[in-house]
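The analysis underlying the following values was restricted to heavy atoms, covering all of them including side chains, and did not include hydrogens, waters or symmetry mates. Counting convention: from 1, in listed order, for ligands and their atoms alike.
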Amino acid sequence: MKNSFVMKGNICQTVTPTELDLHGNAYAVCIDGISKGVFDVLPEEYAALPLYDYGDALIFPGMVDLHVHAPQYAFRGMCMDLELMDWLNQYTFPEEEKYEDLNYAEKAYGMFVDALKKGATTRACIFATRHRPATELLMKLMEESGLISFVGKVNMDREASEALTEESAEISADTTVEWINAVKDNFQNTRPILTPRFIPCCTDQLMEKLRQIQMACGIPVQSHLSESKGEIDFVKFLHPDDPFYGDVYNDYDLFGKNDDIDTDVRTVMAHCVWSTEEEVSLMRKNGVFVAHCPASNMNLTSGIAPIRKYLDLGLNIGLGSDIAGGHSDSIFRAITDAIQVSKMYFRMVDESVRPLIFPEAFYLATMGGGAFFGKVGCFEKGYEFDAVVLDDRVLPHPQSLNLAQRMERAVYLGLDEKNITAKYAAGKRIQI
Ligand code: GUN
Ligand code: FE
């Protein structure tokens with residue numbers, strides 16, 4: 001049996017948002033890439049499997065990055081002085097134009113994939129650029145990495161620099177169909193996702209064509225929604241008759257499931273900082289995922305997404321790095337950012353909205369985003385076996401610490417950037 005083994009160590013996970021689920025010195029069993037559960041005593045039936053004993057190390061589920069731009073990795077940590085629309089025009093579009101050149105793409109995407117491999121992320125929803133050859137190159141590199149991802153060739157036929165704007169809705173759509181046909185059966189772990197950049201960059205003709213493509217091939221959708229005030233005003237100007245931003249995606253059946261026409265389009269929308277009540281209730285009804293990207297929302301001065309409210313309403317939510325709006329590819333960092341911005345929301349905006357607690361944010365980073373990929377995000381029986389083994393001996397302490405303290409400290413102190421011992425995606429070892 002391929003990808004079958006037992007892992008021993010301190011298993012730390014959240015199977016509900018409200019509490020940690022900790023198993024010191026326990027066994028996690030993986031058969032054919034699927035978890036059989038966590039055991040304090042190894043059941044006899046698994047005794048013959050290879051045993052990987054990680055001693056006193058921490059074993060976490062893999063992190064899920066529900067929103068990241070691969071071509072923006074090259075300028076992460078720079079260009080932090082503007083808000084979204086100016087930041088796109090002045091910094092992001094000129095950088096993305098470079099992916100016309102496959103030599104540049106190979107160098108830059110190589111660095112991105114390498115970084116993802118070395119961190120705690122096992123799964124990601126990735127934006128490429130509008131360029132088909134560079135997108136296929138990125139998919140090839142992702143596949144070779146062993147990580148599991150959705151990758152999108154971006155669609156954008158207006159309101160960007162000339163070099164980055166696709167020539168017409170027809171060309172954008174035709175290229176997308178060619179791209180989907182070229183990649184759909186080529187990879188095991190790297191799947192295409194339909195990626196209209198956001199409403200300001202997509203004409204009605206293009207959106208209509210994407211609707212037809214989605215219906216024909218059934219692939220999921222990712223985009224941006226209600227991120228910044230300037231963007232929302234612009235969408236209102238472009239679509240004065242739509243009651244809210246998300247309704248434009250919904251008009252083209254690119255917004256989750258729609259019972260009226262019996263479609264179920266798996267959809268993730270990044271940000272949702274300023275979503276109105278109507279928008280939130282449609283997202284809830286349609287099962288649209290929110291990719292919460294707190295670092296990006298701070299850097300681009302977008303605002304604070306009210307994640308506590310979304311959690312209470314039962315929305316699907318995961319965390320995203322949103323490189324390069326966010327400056328770090330670490331989802332550990334996104335966990336702490338999510339908690340911190342929720343505390344600012346509580347103190348500065350509305351004291352009736354409780355801040356997030358650590359188990360909730362860890363849950364969003366694993367089970368929350370993992371649900372977009374299926375049964376992903378913990379070691380419960382039947383879940384795909386994504387694991388990160390972390391050695392926290394590099395973080396000295398004079399006092400004795402229990403497992404809950406070690407888990408929280410590992411995340412807050414960025415152990416993913418310091419000491420990852422091993423990493424597995426769907427039971428397959430990733431070469432870090
Ligand atoms: N909205 C449209 N494009 C982008 C992007 O590249 N980054 C962010 N943060 N928001 C966007
Ligand atoms: Fe983004």
Side-chain angles (χ1 to χ4, degrees), residues 65-99 108 112 124-131 135 138 149-161 164-166 193-203 206-207 221-235 238 245-246 248-249 254 267-275 289-305 318-329 331 334 337 341 369:
D65 189 341
L66 209 51
H67 183 76
V68 56
H69 296 260
Q72 297 175 20
Y73 184 73
F75 79 104
R76 74 201 183 287
M78 298 185 271
C79 313
M80 292 300 189
D81 57 334
L82 297 175
E83 294 191 28
L84 175 67
M85 300 305 268
D86 291 333
W87 175 83
L88 286 172
N89 285 315
Q90 290 195 38
Y91 303 125
T92 309
F93 294 159
E95 179 61 29
E96 290 194 11
E97 284 170 15
K98 298 178 189 167
Y99 289 77
F112 167 77
C125 277
I126 304 174
F127 278 56
T129 61
R130 64 99 138 176
H131 312 97
T135 303
L138 172 62
S149 63
F150 287 107
V151 176
K153 183 210 107 54
V154 173
N155 295 101
M156 46 194 303
D157 70 337
R158 70 173 173 196
E159 294 296 335
S161 59
L164 203 60
T165 307
E166 295 177 290
I193 182 166
L194 217 52
T195 307
R197 184 169 203 124
F198 66 161
I199 294 302
C201 280
C202 299
T203 60
L206 175 55
M207 292 299 284
V221 173
Q222 61 179 353
S223 193
H224 297 91
L225 178 63
S226 297
E227 176 178 3
S228 87
K229 291 198 161 172
E231 169 211 21
I232 294 163
D233 289 346
F234 193 41
V235 171
L238 294 167
Y245 188 163
V248 188
Y249 294 109
L254 300 174
T267 303
V268 55
M269 289 286 159
H271 306 299
C272 308
V273 173
W274 299 103
S275 294
F289 280 73
V290 176
H292 176 41
C293 307
S296 170
N297 298 156
M298 287 190 274
N299 288 329
L300 300 178
T301 335
S302 301
I304 306 173
L319 298 183
S321 66
D322 195 28
I323 292 274
H327 52 284
S328 167
D329 61 329
I331 296 300
D337 286 340
V341 299

Margin query: Tell me how many protein N, O or S atoms are within a distance shorter than 2.8 Å of the Fe ion (ligand 2).
Written below: 4
Notebook entry, point to check: Taking all non-hydrogen atoms of both residues, which atom of S321 and which atom of D65 are closest, and how far apart?
Noted result: OG-OD2, 2.6 Å
Next item on the list: With rounding to the nearest 0.5 Å, note down the distance linking NE2 in H67 to CD1 in I323.
Entry: 10.5 Å
Check: For E227, what residues pass the salt bridge (charged side-chain N to carboxylate O under 4.0 Å, His left out) criterion, not counting sequence neighbours?
Finding: none
Note to self: Can you confirm whether the side chains of E83 and S228 place a donor and an acceptor under 3.5 Å from each other?
What the structure shows: no
Checklist line | Residues in the immediate environment of ligand 1 (any heavy atom closer than 4.0 angstrom) | finding: H69, Q72, L84, W87, L88, R197, F198, H224, E227, H271, S296, L300, D322
Margin query: Please confirm whether the ring centroid of F127 lies under 6.0 Å from the ring centroid of H224.
Written below: yes
Next item on the list: Would you name the heavy atoms of T195 and G152 that are closest together and state the gap between them?
Entry: OG1-CA, 3.1 Å
Notebook entry, point to check: What residues form a salt bridge (charged side-chain N to carboxylate O under 4.0 Å, His left out) with D337, not counting sequence neighbours?
Noted result: R333
Margin query: Using 0.5 Å steps for rounding, measure from the CH2 atom of W87 to the CG atom of N299.
Written below: 9.0 Å
Checklist line | Closest contact, heavy atoms only, A160 versus T165 | finding: O-OG1, 3.1 Å
